[in-house]
There are 2 protein chains.
Amino acid sequence: MGEDLSVLLKNLNLKVTPKRLAILDILDAEMRYLGPDEVWQRMKARFKSIGLPTVYRNLEELANGGVLIKIIHPDRKLYYYLCRNTDHHHHFICISCKKVEDLFFCGASEIEREVKNNLKGHVISHLMQVYGLCEDCAATKTIST
Amino acid sequence: MGEDLSVLLKNLNLKVTPKRLAILDILDAEMRYLGPDEVWQRMKARFKSIGLPTVYRNLEELANGGVLIKIIHPDRKLYYYLCRNTDHHHHFICISCKKVEDLFFCGASEIEREVKNNLKGHVISHLMQVYGLCEDCAATKTIST
DNA sequence: AAGATAAATAGAAACTATTTCTTTTTATAT
DNA sequence: ATATAAAAAGAAATAGTTTCTATTTATCTT
């Protein structure tokens with residue numbers, strides 16, 4: 001694990017650089033989503049010189065390539081990133097520990113029907129995010145900041 | 001129309017000021033969602049002195065009170081606002097003209113079941129937004145900027 | 001109707017997140 | 001080993017949003 005990460009980059013026609021691999025490795029090791037600043041903190045522990053623009057650029061490129069997923073958090077309007085599984089799914093986000101788990105229910109067909117029949121419009125994409133407490137946090141009932 | 005707007009403010013225990021009424025009136029007149037800057041532009045046409053912080057503050061207060069709805073757009077990480085109908089619904093957002101229409105399909109119960117059964121977690125809230133082309137824009141096939 | 005008071009606003013300034021720019025470095029193809 | 005095009009550093013600019021203080025204003029009380 002950690003070695004086939006370079007394949008992901010090659011598939012996207014991106015050069016395999018130590019920093020790109022490190023970003024993927026950092027996100028691969030987390031079950032939580034991370035903000036650009038958090039990724040940067042972890043990068044600074046690994047590289048003596050690492051610029052925040054480099055982090056932003058790579059997160060954006062990797063998200064565009066589909067290797068990372070951009071998550072929009074409703075409180076703060078910043079976006080955070082995460083990597084996982086490739087087929088269509090949505091996310092359950094624990095508001096306490098920030099863990100992200102995949103959800104496979106999707107109402108896309110019903111939505112498309114409603115849009116087509118009632119609004120006479122045409123669906124291009126949709127976004128669904130579910131917020132709550134994961135098993136562990138629900139058990140401890142502690143909301144961590 | 002435009003006169004019962006003050007009732008909305010009183011219900012929230014907010015003072016009825018000309019600027020608050022104007023913000024509500026501006027948003028009431030639009031079918032599109034507006035960003036703080038767009039609201040500010042329209043406010044400047046009505047008031048000789050109007051500060052951007054006033055716009056932000058009021059949009060946030062009104063959104064907290066439920067009179068406005070905060071919409072998160074995936075491209076730019078800014079939030080935009082809009083007022084409408086009170087029962088649970090989601091939004092169809094035209095990516096061309098930015099018009100917002102209400103959607104009543106909601107998979108909340110299926111999602112809750114999935115989260116409970118598979119993740120052993122607990123849903124607190126959810127966000128769903130659907131992007132596409134409205135009837136008019138689908139007809140003209142023109143994507144306006 | 002007039003005064004008291006707490007909320008709302010202006011305007012300036014601070015802050016934060018993100019992006020842009022130019023130069024230097026580096027991965028990869030030849 | 002070299003060429004070249006992409007990636008990165010570091011500084012600086014930009015844009016969106018928030019904070020702060022003094023002033024104004026809506027509403028409550030009498």
Side-chain angles (χ1 to χ4, degrees), chain A residues 3 5-26 33-65 67-68 70-81, chain B residues 3 5-26 33-65 67-68 70-81:
Chain A
E3 272 326 295
L5 292 177
S6 57
V7 177
L8 297 175
L9 297 177
K10 285 174 185 155
N11 287 344
L12 298 177
N13 287 317
L14 295 175
K15 287 187 177 177
V16 179
T17 69
K19 296 190 175 163
R20 277 197 179 124
L21 287 172
I23 287 176
L24 289 178
D25 187 57
I26 284 166
Y33 59 88
L34 297 178
D37 52 329
E38 291 175 298
V39 174
W40 192 38
Q41 295 308 327
R42 288 163 173 74
M43 289 293 279
K44 284 195 284 194
R46 300 192 187 197
F47 299 93
K48 56 258 151 259
S49 90
I50 169 68
L52 189 48
T54 297
V55 173
Y56 273 97
R57 188 176 349 96
N58 282 309
L59 289 173
E60 188 61 21
E61 282 167 347
L62 294 168
N64 285 341
V67 170
L68 298 184
K70 210 189 263 192
I71 290 185
I72 301 176
H73 206 278
D75 306 355
R76 302 303 282 115
K77 45 278 147 200
L78 320 176
Y79 32 50
Y80 302 86
Y81 302 75
Chain B
E3 273 326 297
L5 293 177
S6 57
V7 176
L8 297 174
L9 298 177
K10 284 174 185 155
N11 288 342
L12 298 177
N13 286 317
L14 296 175
K15 287 187 179 178
V16 179
T17 69
K19 297 189 175 162
R20 279 198 178 122
L21 287 172
I23 287 176
L24 289 178
D25 187 56
I26 285 166
Y33 61 87
L34 298 178
D37 52 328
E38 292 175 298
V39 173
W40 191 39
Q41 295 308 326
R42 288 163 173 74
M43 289 293 279
K44 284 195 282 194
R46 301 193 185 194
F47 299 92
K48 57 255 150 262
S49 90
I50 168 70
L52 189 48
T54 297
V55 172
Y56 273 97
R57 189 177 347 97
N58 281 309
L59 289 173
E60 189 60 22
E61 282 167 345
L62 295 168
N64 286 341
V67 170
L68 299 184
K70 210 189 263 192
I71 290 186
I72 300 176
H73 207 278
D75 307 353
R76 301 303 283 114
K77 47 277 148 201
L78 320 175
Y79 33 49
Y80 303 86
Y81 302 76

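So you know, we letter chains A, B, ... as the sequences are listed, proteins then strands, and number each from 1.
Following rounding to the nearest Å, B/Glu60 (CD) and D/dT18 (P) show an atom-to-atom distance of 7 Å. Atom-to-atom, CG of B/Asn58 to P of D/dT25 comes out at 15 Å; the value is rounded to the nearest Å. To the nearest angstrom, C1' of D/dT25 lies 14 Å from CG of B/Leu21. Here D/dG16 presents its C1' atom at 9 Å from CG of B/Asp37, a figure rounded to the nearest Å. Atoms CG (A/Leu62) and C1' (D/dA7) sit 13 Å apart, rounded to a whole Å. Between A/Ile23 atom CD1 and D/dA7 atom C1' there is a gap of 11 Å when expressed in whole angstrom units. Counting to the nearest Å, the P atom of C/dA29 and the NZ atom of A/Lys10 are 9 Å from each other. One atom, CG of A/Leu9, and another, C1' of C/dT28, lie 14 Å apart when rounded to the nearest Å.
A/Glu60 places no side-chain N or O within donor-acceptor distance of the main-chain N or O of A/Arg57, the cut-off being under 3.5 Å.
Phosphate proximity of D/dT17 to B/Tyr56: present, with a side-chain N or O under 4.0 Å from OP1 or OP2. Look at A/Arg57 and you'll find a side-chain N or O under 4.0 angstrom from OP1 or OP2 of D/dA8.
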Would you mind writing out the side-chain donor-acceptor pairs for residues 11-18 of chain B within the sub-3.5 Å range, not counting sequence neighbours?
| from | atom 1 | to | atom 2 | distance (Å) |
| --- | --- | --- | --- | --- |
| B/Asn11 | ND2 | B/Val7 | O | 3.4 |
| B/Thr17 | OG1 | B/Arg20 | N | 3.1 |

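Residues from residues 44-54 of chain A with heavy atoms under 4.0 angstrom of DNA chain C, sorted by number: A/Leu52, A/Pro53.
Looking at heavy atoms from C-beta onward, A/Val39 lies out of side-chain contact with A/Asn58 at the 4.5 angstrom threshold. For the pair A/Met43/A/Thr54, no side-chain contact is recorded, criterion being any heavy-atom separation below 4.5 Å from C-beta on.
Heavy-atom minimum distance, A/Trp40 versus A/Leu52: NE1-N, 3.5 Å.
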Scan nucleotides 2-7 of chain C against the protein and return all N/O pairs shorter than 3.5 Å with their distances rounded to 0.1 Å.
| from | atom 1 | to | atom 2 | distance (Å) |
| --- | --- | --- | --- | --- |
| C/dA6 | N3 | B/Lys15 | NZ | 3.4 |
| C/dA7 | O4' | B/Lys15 | NZ | 3.3 |

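If you take CG on A/Leu24 and CG on A/Leu8, they are separated by 6.0 Å, rounding to the nearest 0.5 Å. The distance from atom CZ of A/Arg42 to atom CG of A/Asp37, rounded to the nearest 0.5 Å, is 9.5 Å. Note that CD1 of A/Ile50 and CD1 of A/Ile23 are 6.0 Å apart. Values are rounded to the nearest 0.5 Å.
Checked against salt bridge (charged side-chain N to carboxylate O under 4.0 Å, His left out), A/Arg46 has the following partners two or more places apart in sequence or in another chain: A/Asp25.
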